[in-house]
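Here's the structure, in structure tokens; my notes come after.
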Protein chains: 2
Amino acid sequence: MRTQSTSNETIEMYLKTIAELGDGGAPVVIARLAERLGISPVSANEMVKRLGEQGLVAHVRYKGVTLTKNGRYIAHNVIRRQRLWERFLVDHLKMEWSGVYEMACRLEHATSNVLAEALSAYLGHPTTCPHGSPIPKSDGSLPLVSTRPLTALRVGEKGCIHSIQPTTTDVYAYLNRYQILPDRNFTVSEIAPMEGPITLDLPSGKVALGRSMAELVWVNV
Amino acid sequence: MRTQSTSNETIEMYLKTIAELGDGGAPVVIARLAERLGISPVSANEMVKRLGEQGLVAHVRYKGVTLTKNGRYIAHNVIRRQRLWERFLVDHLKMEWSGVYEMACRLEHATSNVLAEALSAYLGHPTTCPHGSPIPKSDGSLPLVSTRPLTALRVGEKGCIHSIQPTTTDVYAYLNRYQILPDRNFTVSEIAPMEGPITLDLPSGKVALGRSMAELVWVNV
DNA sequence: ATTCTTTATAAGGTCACCCTTATCTTTTAA
DNA sequence: TTAAAAGATAAGGGTGACCTTATAAAGAAT
Ligand SMILES: [Mn+2]
Ligand SMILES: [Mn+2]
Ligand SMILES: [Mn+2]
Ligand SMILES: [Mn+2]
């Protein structure tokens, strides 16, 4: 009989992903979760059931999965570790901004509490990750930022990029290439009809973003 | 049908352990391997078979397992990553010397080549870990150090501690408490009969070590 | 040479986590 | 209001990595 505990990494990735997709506690439909994790909806469904039995999530049919208090605590700790590592990788190791999410996504599961705290201290207790997102505190609290996706703006509005939501390395690389980065100011210069691209006026020039990519860019007006 | 590849962590730990136990390429009997990994010999046997099919190890009945060229390359890279992380944890994060082996043993599997090289550069390309062992180069080469276990010395001999072989946190903590650390000079002041303890004369005082612990302490005379 | 010990392996399981296909159930949009 | 789309789940599988309990084979010690 197998005596080892169930894989931490799997559980942590499910919880973190639920937290990321249901920002602020909105229910996440299993299909979205499966999509993001790159597994079949059936498998995700099974796993959600297991997580439910462990008291980490609650699932309401056709509404979605939400984190329990306990589940959210774990999720936020994972996010904390990831974002601390991202800071280290970017600030100290000078690694590619576009690649650190994935790298930190591996390190986050191999990081104990003691290590996370030492790392945080080493970094000077940073409050945001290189993508602009807040770093949860060690008690699991995460400040709710009031910011909107780029898709919510109208032509002519000026704003400042707050953060880039979690995505894949190639998307990060694209955004980086066109300097769509936290703290950059911009003006919305055009919004094409038929769900067409949104054109931004940045110091570095004009850039057109498709709607789904624009959804990842959170801004302050 | 499951499409994912077999867990990297498991493979890496098997290969690393074989490298550690069969220092310099000596065959490692499956029972020893199982013991160190904390699993049953039967399970280790099955896994060795799988590793053999993947061309990473060769097993000769009743003689032991050896790493293939490919297997050794992976093992040395894992060891490299672990020892680099150990340096970071001790030198930068100021973590407990006795605990870093275990911490780094988790990080080592979550570390890509790119990350390892960046880390090495950040640390100034160190050549030894905090336990005194050499750090393999990125090409997988590992200098064969000519040093002996403490158990090979005779009463009255003077020496210098070269390194502490991989062991558990509690053993590291014990050695640390009595200042049995790399680069410390000592004299063998007594060797009790009947496989009894070996007493060392250190700057910090006299310490008695059991034979199995003394086996872990490698020294230069 | 025989016995004891060590090592290896065959046989039969368990469990987590993934898969596909088929069948509901609910929501949504025409 | 009804059909289509989206979401959930039942049924049946697979694999890796572990387990225990035998049994076989080799090496060591008497
Ligand atoms: Mn991750
Ligand atoms: Mn980030
Ligand atoms: Mn390890
Ligand atoms: Mn070390």
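Below, chains carry the letters A, B, ... as their sequence lines are ordered, and counting in each starts from 1.
Residues A:Asn113 and A:Arg81 bring a donor and an acceptor atom of their side chains to less than 3.5 Å of each other. Defined by atom type and a distance below 3.5 Å, a donor-acceptor pair is present between the side-chain atoms of B:Ser141 and B:Asp139.
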Check the pair A:Ile135, A:Arg87 against side chain to side chain contact (heavy atoms under 4.5 Å, CB included), reporting the backbone distance first and the verdict last.
CA-CA 10 Å; A:Ile135 297 176; A:Arg87 278 255 78 96; 4.3 Å; yes
Walk me through it: do B:Gln54 and B:Ile11 pass the test side chain to side chain contact (heavy atoms under 4.5 Å, CB included)?
CA-CA 10 Å; B:Gln54 292 180 249; B:Ile11 293 180; 4.0 Å; yes
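Atom CD of B:Glu9 is separated from atom P of D:dG16 by 17 Å (rounded to the nearest Å). The nearest whole Å value for the distance from the CE atom in A:Met47 to the P atom in D:dA8 is 17 Å. Put simply, CG on A:Asn8 is 15 Å from C1' on C:dC17, counting in whole angstrom units. Distance, B:Leu51 CG to D:dG16 P: 12 Å, rounded to whole Å. Spacing between atom CD1 of B:Ile11 and atom P of D:dA17 amounts to 6 Å, rounded to whole angstrom units. Atom CE in A:Met13 sits roughly 16 Å away from atom C1' in C:dC18 (whole-Å rounding).
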Base-contact (B) and sugar-phosphate-only (S) positions in nucleotides 3-11 of chain C, heavy-atom cut-off under 4.0 Å, - elsewhere
----BSBBB
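Each end of the helix from C:dA1-D:dT30 to C:dA30-D:dT1 gets its own axis, taken as the rotation carrying the C1' atoms of four end pairs onto the next four within a five-pair window, and the two axes meet at 10° to the nearest 10 degrees.
Within the structure, a side-chain polar atom (N or O) of B:Tyr14 is placed less than 4.0 Å from OP1 or OP2 of D:dC18. OP1 or OP2 of C:dC17 has at least one side-chain nitrogen or oxygen of A:Arg50 nearer than 4.0 Å. Contact annotation: B:Ser43 side-chain N/O to D:dA17 OP1/OP2 distance is not under 4.0 Å.
The side chain to side chain donor-acceptor pair (under 3.5 Å) search around A:Tyr101 returns A:Lys16, A:Glu20, not counting sequence neighbours. Residues passing the side chain to side chain donor-acceptor pair (under 3.5 Å) test with A:Thr169, sequence neighbours excluded: A:Glu102. Scanning for side chain to side chain donor-acceptor pair (under 3.5 Å) contacts around B:Ser98 gives an empty result, with sequence neighbours left out.
In this structure, the side chains of B:Glu190 and B:Pro197 stay at 4.5 Å or more apart for every pair of heavy atoms.
Applying the ring pair (Phe, Tyr, Trp, His ring centres under 6.0 Å) rule to pairs touching residues 46-85 of chain B yields A:Trp85-B:Trp85, B:Trp85-B:Phe88, sequence neighbours excluded.
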